[in-house]
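Take a look at the structure below.
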Amino acid sequence: MIVGFIFFGIFAVAFVMGRRGFCRVVCPIAALMIVGRKIRNAVGWPALQLAADAGRCIDCGKCSRACPMGLDVHGRVREGDMESAECILCAACADACPEGAITYAWTGRGP
């Protein structure tokens, strides 16, 4: 009975929160990734990230549709800031971009 309530709670959270609701609300790994990213940014360690060239973007939106995390990649490209705590760096957006506006890049200060 207790296990049933736990599963019901997980499904209820996922239903209410939408896509990846459990990951956004309950998952401990996501919290560790967010804390790690904030520490890395504060210290300035170099890291592999996605970078975007807004000038090459043709506003097709394929990057956002390809993102398995459901992020607004197109909006991030337009802002010029690809940093997102929810991004898993899979580069599906870079693969989907017909103009090559999204690439991998090393960012941050050196050690």
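None of the values given here were measured: they were computed from a predicted structure.
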Write down the atom of [X], the atom of [Y], and the distance for their closest heavy-atom approach.
{"X": "Cys97", "Y": "Ile102", "result": "SG-N, 4.4 Å"}
{"X": "Tyr104", "Y": "Leu89", "result": "OH-O, 2.6 Å"}
{"X": "Arg56", "Y": "Ala101", "result": "CB-CB, 4.0 Å"}
{"X": "Ile39", "Y": "Trp45", "result": "CG2-CZ3, 4.2 Å"}
{"X": "Arg78", "Y": "Cys57", "result": "NH2-O, 3.3 Å"}

Within the distance-only criterion (no hydrogens, no angle test), does the side chain of Ser64 pair as donor or acceptor with the backbone N or O of Val73 below 3.5 angstrom?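 At least one qualifying donor-acceptor pair exists.
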Between Val3 and Phe8, is there shared hydrophobic-cluster membership here, with clusters defined by ILVMFWY side-chain heavy atoms closer than 4.5 Å? no
Please say yes or no: joined through hydrophobic side-chain contacts below 4.5 Å, possibly via intermediate residues, are Ile58 and Val77 part of one cluster?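 No: no chain of side-chain contacts under 4.5 Å links Ile58 to Val77.
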Could you tell me the separation between the CZ atom of Arg65 and the SG atom of Cys60, rounded to the nearest 0.5 Å?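 Atom-to-atom, Arg65:CZ and Cys60:SG are 6.5 Å apart.
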Rounded at 0.5 Å granularity, tell me how far SG in Cys63 sits from CG in Asp72.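 Result: 8.0 Å between the selected atoms.
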Any side-chain heavy-atom pair of Arg76 and Leu71 under 4.5 Å: no
Just to verify, what does Arg37 make a side chain to side chain contact (heavy atoms under 4.5 Å, CB included) with, not counting sequence neighbours? Arg40, Asn41, Glu83
